[in-house]
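Okay, structure first, notes after.
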Amino acid sequence: MNDPLSAFLRYLALERDASPHTLRSYRSDLAEFGRFVGPGKGLDTVDARTVRGYLAHLHARRLEPASVGRKLAALRSWFRFLVRRGALQRNAAREVRGPRLPKKLVSFLPIDEAMSLMEARAPDGPARARDTAVLELLYATGLRVSELAGLDLDDLDRSQQTVRVLGKGRKERIVPYGNRAASALGAYLNGRGAGAGALFANQRGGRLTVRSLHTIVRRSAAMSGITRRVSPHTLRHTFATHLLDAGADLRMIQELLGHSRLSTTQRYTHVAADQLMRVYDAAHPRARAK
């Protein structure tokens with residue numbers, strides 16, 4: 001194999017349908033490892049000690065544990081591919097333990113703040129109907145911001161109040177949305193006019209970018225009096241947390257979010273447990289009795 005990195009990136013693009021962003025990340029991380037190993041040294045010389053030295057080098061640069069873990073995961077994937085292709089004898093990166101990652105609490109809006117954001121709607125202006133529809137759809141569906149940016153008008157089924165989403169790994173799913181989001185979308189689309197193309201467009205008719213969607217959410221949250229940092233991902237977490245608090249099944253939430261693993265969805269359970277204890281303490285007559 002003349003160029004192991006290019007072969008791996010072709011595999012990711014053609015067989016795994018990886019996004020351009022994913023390909024850029026893998027290329028950058030793996031090229032960095034190549035520079036650490038040094039010119040003229042083949043990957044067959046890499047062993048667990050080499051990989052540990054690389055991680056120590058990353059730690060010395062004061063990289064966050066999550067970034068170090070991501071780079072190690074990229075190495076493991078690359079070496080696994082090369083082992084399967086017969087270019088390597090073993091996956092040395094699997095023999096190295098990754099950094100311990102701190103458990104991050106899921107950031108979400110409590111119901112009163114979520115309602116304030118939705119009811120206050122977006123700031124006044126010619127784009128208010130569009131921005132309101134953006135907010136309502138994010139909270140109603142829990143879509144990733146990249147998924148929302150990629151929606152076309154044809155992805156909406158307004159009669160069934162569902163949206164067809166192309167998620168990570170090009171996996172398609174159908175997500176329902178409620179009456180408030182349907183009303184906001186109707187108001188926006190009445191002014192948008194007919195035609196195919198991007199569901200959410202800018203004033204020039206081009207597709208709204210991920211950065212623009214972040215700006216819409218952040219500006220709308222500030223206008224509604226929310227002082228904490230709010231992003232489209234905050235609304236995704238809020239969507240999942242509120243469903244779980246209301247008794248929705250974890251498997252159903254996994255399907256709606258497009259998570260490939262249930263363990264990813266399970267991080268919301270601690271939030272539901274906290275809510276359960278608050279309800280118990282407030283409602284049970286013997287909860288606080290001494």
Residues E119 and R180 bridged, charged N to O under 4.0 Å
yes
Does anything in residues 140-188 pair up under ring pair (Phe, Tyr, Trp, His ring centres under 6.0 Å), and if so which pairs, sequence neighbours excluded?
Y188-F200
Has T141 got a side-chain atom pairing as donor or acceptor with L137's backbone, closer than 3.5 angstrom?
yes
Are more than 12 heavy atoms from other residues, nucleotides or ligands located less than 6.0 Å from atom CZ of R173?
yes
Heavy-atom distance under 4.5 Å between the side chains of K171 and L166, does that happen here?
no
Should we say atom CZ of R97 is surrounded by more than 12 heavy atoms from elsewhere, each under 6.0 Å from it?
no
Under the 3.5 angstrom rule, does the side chain of T215 hit a backbone N or O of R211 as a donor-acceptor pair?
yes
Return the set of residues passing ring pair (Phe, Tyr, Trp, His ring centres under 6.0 Å) with F239 (not counting sequence neighbours), or none when no residue passes.
none
Can L117 and S220 be said to form a side-chain contact (heavy atoms from CB on, under 4.5 Å), step by step?
CA-CA 7 Å; L117 178 58; S220 300; 4.0 Å; yes
Before you tell me yes or no, could you show the steps for D131 and R219 under side-chain contact (heavy atoms from CB on, under 4.5 Å), namely the whole-Å CA-CA distance, both residues' side-chain angles and the distance that decides it to 0.1 Å?
CA-CA 10 Å; D131 294 354; R219 184 178 58 199; 3.2 Å; yes
Does the D155 side chain pair with the main chain of L151, one donor and one acceptor, at a distance under 3.5 Å?
no
Pairs in or reaching into residues 67-81: which pass salt bridge (charged side-chain N to carboxylate O under 4.0 Å, His left out), with residues at least two apart or in two chains?
D29-R70, D29-K71, E32-K71
Return yes if some donor-acceptor pair links the side-chain N/O of D157 with the main-chain N/O of Q161 below 3.5 Å, else return no.
no
Any sub-3.5 Å donor-acceptor pair from R130's side-chain atoms to A201's backbone N or O?
yes
Test side-chain contact (heavy atoms from CB on, under 4.5 Å) applied to E95 - qualifying residues, sequence neighbours left out
A48, R90
Quick one: does V37's side chain get under 4.5 Å of Y54's, heavy atoms only?
no
Between R164 and D154, does any side-chain N to carboxylate O distance fall below 4.0 Å?
no
Checking the side chain of R236 only, and the main-chain atoms of L257 only, is there a donor and an acceptor separated by less than 3.5 Å?
yes
Does S77 reach the main-chain N or O of A73 with its side chain, forming a donor-acceptor pair under 3.5 Å?
yes
Any salt bridge (charged side-chain N to carboxylate O under 4.0 Å, His left out) involving residues 41-50? Give me the pairs, sequence neighbours left out, ordered by first then second residue.
none
How far apart are the C-alpha atoms of W78 and L5, what are their side-chain angles, what is the distance that settles it, and do they pass the side-chain contact (heavy atoms from CB on, under 4.5 Å) test?
CA-CA 8 Å; W78 188 26; L5 179 53; 4.0 Å; yes
Are there more than 12 heavy atoms of other residues, nucleotides or ligands under 6.0 Å from atom CD of Q89?
no
I'd like to know if the side chain of H242 and the backbone of L109 have a donor-acceptor N/O pair within less than 3.5 Å.
yes
Check this for me: R251, atom CZ, are more than 12 non-hydrogen atoms of other residues, nucleotides or ligands nearer than 6.0 Å?
no
Can you list the residues that meet the ring pair (Phe, Tyr, Trp, His ring centres under 6.0 Å) rule with Y11, with sequence neighbours excluded?
F81
Answer yes or no: is there a donor N or O on one side and an acceptor on the other, between the side chain of S25 and the main chain of H21, under 3.5 Å?
yes
May I have the step-by-step check of side-chain contact (heavy atoms from CB on, under 4.5 Å) for R207 and D152, ending in yes or no?
CA-CA 9 Å; R207 186 181 300 275; D152 290 328; 2.7 Å; yes
